[in-house]
Participant: 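Please read through the structure below; I'll follow up with questions.
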Amino acid sequence: MKLPLIFLGISLAFFNSLVAQNLRQEFEQLWKSEDIYQKAHALSKLAQLDSLDSAKLFISSLEKIVKPLSKAEQALEEEQQKLQSAETNFSKNLSQEKIKILSETREAYHIFLDKTTRAVANFKNPSAIQYLLKNAFEPKNDQIKIALLQGFEKFKKDEITPVYLKALKDPSFKIRLATVTFLQKNTFSEVSDVLFKLLKEPDPAWQVRCRISAILMQRNIPEVTPLFVQEFIEVGKQGSKEATAFLIDFLKTPEEDSEIVFFPPIRQMAVIALQQKVPPEGFQPILALLSDPVWQVRTSVAKTLIAYDDPLAIEPLIEQLAKEKGRLVEDMEEALYFLTGETHHGNAEVWRIRLKSEQERWTRKEKKNPPKKPDRRLRGTSRYYPNKTTTKEESIVLTTNSERILYVVDFSNSMGNKILPETASEEARQLAPSKIRLLKNKLIQTLPKLRENQFFSILTFQDKVCCWKEELVPATKANIQDAQEYLRQTSVDGNTDTFGALEKAFYLNDSKDFYKNYQAGVDMIFLISDGLPTVGKYKVDYENEKNSQLSILRFLDAVEEMNLLRCIKINTIGIPPDPLDDLLGGLAVESSAIYQYWE
C-alpha cells in the first residue's frame, strides 16, 4: 500500500517541477519582448510559480523597468513644460503630438503597474511573501513602490504593518500619500499613534496631513477634530486647482472612486473647505450633495451655495425644500433668501410659482431686497446682531419645527431675582414673580405644544450642569409631565457656567464619541440666561471691559469650532438686566438662529 503512495508523491513532484519549468520558460520568453504588456504578463507567470526564487526574480525584473519608466515620466513632463512656453502654433502642434505619443506610453506603464499590483497579491508562499515585503523599497521608482504596496493589501495585517510604518517615513511625498490613502480604506489600529505623530510634527506635505487627519477622524480619535478642521480649511484657502481637485475627491460617491472611504463628517468638511475660495469647479459636485442622506451635509451644502451665489442653485434648492422637514426647511429657505432676496416661509409651491415668473430676473442676480450677511469684524459687539427681537414674556417663542430640541436653562442664583424697574414700589417688588418662576411657567406651558414626533430634553446649569435626560426622548404625554415636574423641583443656586452647559449640550449622551453625538445629537438649542458666564471656561471679567470682550470672542470661537460640523442652531433668549447682546447675539447669528431679549 505504501509503494503506490510513494510513487504518487514522486509523480506529483515531477509534475510540479515540469509546471515550474514551463512557467519559467514562459516568463523568460515574454520578458524578452519590447512590448510592455507582454512584460506585465510575464510577471503574472512569476506569481504563479510562487516560490522564493520567483519572488527574487520578480523584484529584480521590476528594477529593470525603473529606468525606462522614469525616462518616460520625465520625457512627458518636459514636453508638457515645452507646450506651456511654446510661442508658435507649429511648436504647439508639435508638442501636442509628442505629448499624445508619450501619454500612450505612460498609459501602457500604468497598465503594467496595475498588473504588477495584481501579481503581487497572487503570491501565497510564506518565504516569497517575506522576501517581497523585505525588498519592497529596492526598486528606485515611486510608482513601482506604490504598485507593490498596493499589492500587499491581501497579505496578513501583522505581516504588512511594519512595511506601511516604514512607508509613512519615506522621503518621497508620493509614497507617504499613497500609503495614507491605502490606510484610509483599512483598519490598522497599530499605526494610529504614528499617524497622529505625523499630523502633529507635522508632515511637510499638505496632501499627506489632510489625508492623515481624515483617517484619524474616521477612527473617532477625539483629539484630532481641531487638527482635521484646520487642515481642510487651510487646503480650501489655497484655492489652487490641485487643492480644489483634492477636496472634490472627498465629495465623490464610493462607486465613482473606491480609493476613498466616505465618512460623512469628511465629506461635509470638504464642502465647508470649498467655501473659502468658492472655486467654480466645486459648484456642481457640491450641488450634487444637496440630497445627501446625512442632514449635516445638506445643511453645509446649503450654506456653501449661499457663498457661491449662483442662480443655478435656486431650482434645486426649491425641490430639496419640498422634500425636507424640521429645521432643514429653514436651512433651504435661508439659502433661497440669500440667492433671491425673497422669503416664503418654507412653502415650496409658492417658490415654484415665483420661479416661473422671476427666474430671468434671479438669473441676472437682481434681488428686490438684497440680504446682508453679518459683518464678522463686528463680532463681540451689539452691532454684530442688529435684528435682535425685544419682546414681552408672553411673546417669547420656545417652539420650533425642529425634531431634536434641547432646552439649556440658566438656574444660577441671579435667576431668583425679579425683573422690575428701579422706580417700582415696595408692594410691586413683593408681588412680582422671580425670573426663574416666570421662565418655569413659560417652559411648562410650552412643552405640551411639542409634537410626538419631536424629541427633546432639558439641561439646567449653574456652577454645575445637570440633565433631565441624558438623551433626547420623544415628546409623549408621560415624558412631558415628567419634564414639567423636573422644572418645578429644580431650584436656583450658584454661579453661571454657560460654556460648560453648551459643551455638555454638544455631547449630551455623556460620551466623547464624536460620531455617536454627530449621528444622534441635537439639531436645535434654546439657550436661556440672564447673565454672562461667571465661572468655567471663558468667564467674563466684569471689572475689566477689555478682558470681558476678549473672553466673549474666545467663547464664540470655541463654540463655532465645536459647532462647525454639528450645525446646531442655537436660539438664544436673554433676560435682563445684563447686557447680553455681545454673547447671546453672537451665538445666534453664527448658527443662523434667532436672538430674543425678554423685556
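Sequence positions, counted from 1, serve as the residue numbers for this chain. Since the structure is predicted, the reported quantities are computational estimates derived from the model, not experimental observations. All heavy atoms count here, side chains included; hydrogens, waters and symmetry mates do not.
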Participant: Which atom pair, heavy atoms only, marks the closest approach of L43 to S61?
Facilitator: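 For L43 and S61, the tightest heavy-atom pair comes out as CD2-CB, 4.2 Å.
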Participant: Could you walk me through whether L149 and Y164 pass the side chain to side chain contact (heavy atoms under 4.5 Å, CB included) test, one step at a time?
Facilitator: CA-CA 8 Å; L149 289 169; Y164 285 106; 4.1 Å; yes
Participant: Please confirm whether R404 makes a cation-pi placement over F455, using NZ or CZ under 6.0 Å from the six-membered ring centre and within 45° of the ring normal.
Facilitator: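 Yes, a cation-pi geometry holds between R404 and F455.
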Participant: Please find the pair of heavy atoms, one from I525 and one from V522, that lie closest to each other, and give the distance.
Facilitator: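 Distance-wise, the nearest heavy atoms are CG1-CG1, 3.9 Å.
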Participant: I'd like to check I111 versus E107 (side-chain heavy atoms, cut-off strictly below 4.5 Å). Are they in contact?
Facilitator: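 A side-chain contact under 4.5 Å exists here.
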Participant: What distance do D142 atom CG and I175 atom CD1 have between them, rounded to the nearest 0.5 Å?
Facilitator: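 Result: 4.5 Å between the selected atoms.
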Participant: For residues N125 and I129, determine if any side-chain heavy atom of one lies less than 4.5 Å from a side-chain heavy atom of the other.
Facilitator: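 Not touching, per the 4.5 Å side-chain cut-off.
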Participant: Is any side-chain heavy atom of L148 closer than 4.5 Å to a side-chain heavy atom of V163?
Facilitator: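 A side-chain contact under 4.5 Å is absent here.
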Participant: Return yes if a side-chain donor-acceptor contact under 3.5 Å exists between Q25 and Q29, otherwise no.
Facilitator: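 Q29 and Q25 do not have a side-chain donor-acceptor pair below 3.5 Å.
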Participant: Run the salt-bridge test on K504 and E470 with the 4.0 Å N-O cut-off and return the result as yes or no.
Facilitator: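 Here K504 pairs with E470 in a salt bridge, since their nearest N and O are under 4.0 Å apart.
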Participant: Can you tell me how far CG of D292 sits from CG of L251, rounded to the nearest 0.5 angstrom?
Facilitator: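 Between atom CG of L251 and atom CG of D292 there are 10.0 Å.
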Participant: Run the numbers on Q238 and E234 for side-chain hydrogen bond (donor to acceptor under 3.5 Å, both in side chains), then give the verdict.
Facilitator: CA-CA 7 Å; Q238 288 184 36; E234 289 303 316; over 6 Å; no
Participant: Grab the two heavy atoms, one from F506 and one from M562, that are nearest each other, plus how far apart they are.
Facilitator: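 Closest approach of F506 to M562: CD1-CE, 3.5 Å.
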Participant: Using the ring of Y507 (Phe, Tyr or Trp, six-membered ring only), decide whether R566 places NZ or CZ under 6.0 Å from its centre and within 45 degrees of its axis.
Facilitator: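 Output yes; distance and angle both within limits.
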Participant: Are V559 and I570 close enough that some pair of their side-chain heavy atoms sits under 4.5 Å apart?
Facilitator: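 Answer yes - side chains close enough.
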Participant: What verdict does the side chain to side chain contact (heavy atoms under 4.5 Å, CB included) test give for Q48 and N122, after you've listed the backbone C-alpha separation in whole Å, the side-chain angles of each residue and the deciding distance to 0.1 Å?
Facilitator: CA-CA 7 Å; Q48 284 179 264; N122 286 330; over 6 Å; no
Participant: What heavy-atom pair brings Y109 and I65 nearest, and what distance separates the two atoms?
Facilitator: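 Scanning both residues, the minimum pair turns out to be CE2-CG2, 4.1 Å.
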Participant: I need the Q96 CD to I101 CD1 distance, nearest 0.5 Å.
Facilitator: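 Taking CD in Q96 and CD1 in I101, the distance rounds to 12.5 Å.
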Participant: Stepwise, does the salt bridge (charged side-chain N to carboxylate O under 4.0 Å, His left out) test hold for R118 with D114?
Facilitator: CA-CA 7 Å; R118 295 180 189 181; D114 183 58; 3.1 Å; yes
Participant: Can you tell me if Q38 has over 12 outside heavy atoms packed within less than 6.0 Å of its CD?
Facilitator: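 Yes, enclosed.
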Participant: Counting only N and O atoms by type, is there a donor-acceptor contact under 3.5 Å from the side chain of T116 to the main-chain atoms of A147?
Facilitator: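 A pair under 3.5 Å: no.
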Participant: Out of curiosity, L247 CG to I272 CD1, how far, rounded to the nearest 0.5 Å?
Facilitator: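 Answer rounded to 0.5 Å: 11.5 Å.
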Participant: Is there a donor-acceptor contact under 3.5 Å linking the side chains of S213 and E231?
Facilitator: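 Side-chain D/A pair, S213 to E231: absent.
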Participant: Where do A47 and A119 come nearest, in terms of heavy atoms and distance?
Facilitator: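 Nearest heavy atoms, A47 then A119: CB-O, 3.3 Å.
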Participant: So, K537 and E503, do they make that salt bridge, N to O below 4.0 Å?
Facilitator: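 Yes, this pair counts.
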Participant: Does atom CD of E159 have more than 12 heavy-atom neighbours from other groups under 6.0 Å away?
Facilitator: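 More than 12 heavy atoms, drawn from other residues, nucleotides or ligands, come within 6.0 Å of this atom.
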Participant: Report the distance from atom OG1 of T304 to atom CD of Q276, rounding to the nearest 0.5 Å.
Facilitator: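 Rounded to the nearest 0.5 Å, the OG1-CD separation comes to 9.0 Å.
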Participant: Would you check if there is a donor-acceptor pair between the side chains of S300 and Q268 at a distance under 3.5 Å?
Facilitator: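 The answer is yes; a qualifying pair exists.
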Participant: With a 4.5 Å limit on heavy-atom distance, are the side chains of P226 and E561 in contact?
Facilitator: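 In short, these two side chains touch, coming nearer than 4.5 Å.
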Participant: Is it the case that the side chain of R209 and the backbone of D203 share a donor-acceptor pair, with hydrogens and angles ignored and the cut-off at 3.5 Å?
Facilitator: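 It does hold such a pair.
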Participant: What do the steps show when you test F555 against L502 for side chain to side chain contact (heavy atoms under 4.5 Å, CB included), and what is the final call?
Facilitator: CA-CA 10 Å; F555 190 117; L502 284 176; 3.8 Å; yes
Participant: Would you check if the side chain of S457 reaches a backbone N or O of L472 as a donor-acceptor pair within less than 3.5 Å?
Facilitator: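 No: the side chain of S457 does not pair with the backbone of L472.
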Participant: May I ask you to decide if the ring planes of F123 and F58 are parallel, tilted or perpendicular, using 30° and 60° as cut-offs?
Facilitator: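 Judged by the thresholds at 30° and 60°, the geometry between F123 and F58 is perpendicular.
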Participant: Backbone N or O of K67 within a donor-acceptor pair of the S70 side chain at under 3.5 Å?
Facilitator: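 Such a contact is absent between S70 side chain and K67 backbone.
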Participant: Are any of the side-chain nitrogens in R327 or D331 under 4.0 Å away from the carboxylate oxygens of its partner?
Facilitator: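 Yes, charged N to carboxylate O under 4.0 Å.
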Participant: Between the side chain of D50 and the main-chain N/O of K124, is any donor-acceptor distance below 3.5 Å?
Facilitator: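 A pair under 3.5 Å: yes.
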Participant: Below 4.5 Å, heavy atoms only, C-beta onward: do D309 and V278 meet side chain to side chain?
Facilitator: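 They are not in contact (no side-chain heavy atoms under 4.5 Å apart), so the answer is no.
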Participant: Tell me whether R176 contacts the main-chain N or O of P171 through its side chain, where contact means a donor paired with an acceptor under 3.5 Å.
Facilitator: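 The answer is yes, because a donor-acceptor pair under 3.5 Å joins these two groups.
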Participant: Closer than 3.5 angstrom, by distance alone: can the side chain of D310 be matched with the main-chain N or O of A313 as a donor-acceptor pair?
Facilitator: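 No.
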Participant: So does K166 pair up with D170, basic N to acidic O under 4.0 Å?
Facilitator: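 No.
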Participant: Report the C-alpha separation of N563 and S591 in whole Å, then their side-chain angles, then the decisive distance to 0.1 Å, and conclude whether the side chain to side chain contact (heavy atoms under 4.5 Å, CB included) test is met.
Facilitator: CA-CA 8 Å; N563 202 23; S591 63; 3.9 Å; yes
Participant: May I have the step-by-step check of salt bridge (charged side-chain N to carboxylate O under 4.0 Å, His left out) for R298 and E324, ending in yes or no?
Facilitator: CA-CA 10 Å; R298 300 200 300 278; E324 295 291 2; 2.7 Å; yes
Participant: Is there a side-chain contact between Q130 and L133, using heavy atoms and a 4.5 Å cut-off?
Facilitator: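 Yes. Closest side-chain heavy atoms under 4.5 Å.
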Participant: What distance separates Q207 CD from K174 NZ, expressed to the nearest 0.5 Å?
Facilitator: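 The distance works out to 11.0 Å.
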Participant: Does the side chain of P279 come within less than 4.5 Å of Y308's, by heavy atoms?
Facilitator: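 Yes, at least one pair of side-chain atoms sits under 4.5 Å.
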Participant: Ignoring hydrogens, what is the shortest heavy-atom contact between K115 and A40? Give both atom names and the distance.
Facilitator: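 Looks like CD-CB, 3.5 Å.
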Participant: When you measure from the side chain of K39 to the backbone of S33, do you find a donor-acceptor pair of N or O atoms at a distance under 3.5 Å?
Facilitator: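 Checked: pair present.
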